2 protein chains.
Amino acid sequence: MELNQNRQLITNWLTLSNIQMNISNELECVLQQHHQLALNEFYVLLYLSQAPEKKLKLQQLQNMVGLSQSAMSRLVSRFEAKGCGTLRRHICGDDRRAIYTSLTEEGEEKLKKAFVTFNETLKKAFSKELVQEELERIIHQINE
Amino acid sequence: MELNQNRQLITNWLTLSNIQMNISNELECVLQQHHQLALNEFYVLLYLSQAPEKKLKLQQLQNMVGLSQSAMSRLVSRFEAKGCGTLRRHICGDDRRAIYTSLTEEGEEKLKKAFVTFNETLKKAFSKELVQEELERIIHQINE
DNA sequence: GGGCAATTTGCTTACGCATACTTTTGTATC
DNA sequence: GATACAAAAGTATGCGTAAGCAAATTGCCC
């Protein structure tokens, strides 16, 4: 009993991980091909667009996207450098240690287009029967 | 309507990703601390232990774990080098291009211990109310 | 001035892609 | 059949990239 439950727990976890990984890879691939965007770059744009005044400090971004400090610092730097003006960094007025990252008009345009692709890909991925079945199974087994 | 659905879809996806990422990080951390095992290394041991004769070709492993061919090649190499004999690589008899990776006795012991930690961590993670609620919400919204 | 906070930078690591390498397989020719 | 040779299969390796950790840097606050 106990053993079987453990086995199911692991199986569920592996299934969940696989689903997540496959969809992530798919998103990464599609965004790169159609919009020259890495998945994390897309997330940055997305979170910025949802933020008041469309700007966020590095620290906030890093928590949302789930990257380390240094990784986010470099992601935004790279992105600003090669992102063709989708993004801008500027020093925070009232705390000059902090860096604001803000979305530009071009950035919003770019996000809007990428958003469509992102959504379509996601919808397609989640509508696969296998994924739905597996997710349901996981839920049921977690609950008992 | 359409817009709200899209928004929910994305929210669900972000939630799912976050859950997966947090648990993965937790597992990685705990396994590293208690057993000097990376998560992918643990997966390798796990899949090997489930395989007939406790051995798999590199290609099979790479598909199971979800790594690229080169990444798996190197993961196994590193692991064999510093894994203190938990793992062994040897050339396949009937196809000398292929490499078998097989689990040793020590490897099974190590896996057995790590397995306990892994399971406990997983159980704890999934039993968090938030995770359950969120997963349920995702399922329901996917189905309509 | 000392301690803390936000970011940057040096370093190492693991990854993916493309390529090289070795072995197997398929095919044409004799 | 035997031989030669091209294509394919299974791994390894060179190279570039993005990640995390820890230390350095810069600015804030008491």
Side-chain angles (χ1 to χ4, degrees), chain A residues 17-18 20-22 24-33 36-44 51 55-83 87-102, chain B residues 17-18 20-22 24-33 36-44 51 55-83 87-102:
Chain A
S17 283
N18 267 324
Q20 202 277 342
M21 190 165 55
N22 288 334
S24 268
N25 288 340
E26 177 75 13
L27 288 170
E28 182 91 50
C29 198
V30 171
L31 286 178
Q32 192 65 62
Q33 276 196 303
Q36 292 77 52
L37 272 178
L39 185 53
N40 280 337
E41 292 172 345
F42 174 83
Y43 288 147
V44 167
K55 67 178 185 181
L56 288 169
K57 294 182 189 172
L58 274 190
Q59 220 176 11
Q60 303 176 282
L61 269 176
Q62 115 200 356
N63 290 328
M64 295 178 178
V65 179
L67 282 178
S68 72
Q69 257 193 0
S70 55
M72 183 51 76
S73 170
R74 283 177 167 125
L75 173 55
V76 171
S77 291
R78 283 195 309 267
F79 203 8
E80 190 191 30
K82 69 168 185 183
L87 206 70
R88 209 179 316 141
R89 282 153 25 107
H90 39 85
I91 293 169
C92 176
D94 40 311
D95 183 351
R96 283 167 49 209
R97 289 168 303 181
I99 302 279
Y100 270 128
T101 304
S102 66
Chain B
S17 283
N18 267 324
Q20 202 277 340
M21 190 165 54
N22 288 335
S24 267
N25 288 341
E26 177 75 12
L27 288 170
E28 182 92 49
C29 199
V30 171
L31 286 178
Q32 191 66 61
Q33 276 196 303
Q36 292 76 50
L37 272 179
L39 185 52
N40 279 337
E41 292 171 345
F42 174 81
Y43 287 147
V44 167
K55 66 177 186 180
L56 288 170
K57 294 181 190 174
L58 276 190
Q59 221 177 10
Q60 304 176 283
L61 269 176
Q62 114 199 0
N63 291 327
M64 295 177 180
V65 179
L67 282 178
S68 73
Q69 185 265 318
S70 58
M72 184 51 76
S73 170
R74 282 177 168 127
L75 173 55
V76 170
S77 291
R78 284 195 309 267
F79 202 8
E80 189 191 32
K82 70 169 185 184
L87 207 70
R88 210 178 316 141
R89 284 157 22 110
H90 39 86
I91 294 169
C92 176
D94 39 312
D95 183 350
R96 283 167 49 209
R97 289 170 302 181
I99 301 279
Y100 270 128
T101 304
S102 66

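These numbers come from a predicted model, not from an experiment. Reminder, nothing fancy here: chain letters follow the sequence lines and each chain counts from 1.
In terms of phosphate contacts, B:S68 brings no side-chain nitrogen or oxygen within less than 4.0 Å of OP1 or OP2 of C:dC15. A close approach under 4.0 Å does occur between a side-chain nitrogen or oxygen of B:S73 and OP1 or OP2 of D:dA12. Remark: B:R96 is not in phosphate contact with C:dC21, judged by side-chain N or O atoms under 4.0 Å from OP1 or OP2.
If you take CD of A:E41 and P of D:dA18, they are 8 Å apart, rounded to a whole angstrom. Between the CD atom of B:Q32 and the P atom of C:dT13 there is a distance of 12 Å, rounded to whole Å.
Considering only the side chain of A:D95, D:dC28 comes nearest among D:dC28, D:dA19, C:dC15. Listed nucleotides D:dA18, C:dC15, D:dA12 differ in distance to B:N40; the shortest reach to its side chain belongs to C:dC15. With D:dA12, C:dA6, C:dC15 as the choices, the nucleotide that has an atom nearest any side-chain atom of A:Q59 turns out to be C:dA6. Here the nucleotide nearest the side chain of A:L67, chosen from D:dT11, D:dA19, C:dG16, is D:dA19.
Using a 4.0 Å heavy-atom distance criterion, A:R74 is classed as a base contact.
Within the 3.5 Å criterion, the main-chain N or O of B:Q69 finds no donor-acceptor partner in the side chain of B:S73. No donor-acceptor pair under 3.5 Å is formed between the side chain of A:E80 and the backbone N or O of A:L87.
In this structure the side chain of A:L31 never reaches within 4.5 angstrom of the side chain of A:E41, judged on heavy atoms.
Comparing A:S70 and B:L58 along DNA chain D, the residue whose closest nucleotide (by nearest heavy atom) sits nearer the 5' end is B:L58. Mapping A:R78 and A:R97 onto DNA chain D by nearest heavy atom places A:R78 at the nucleotide closer to the 5' end.
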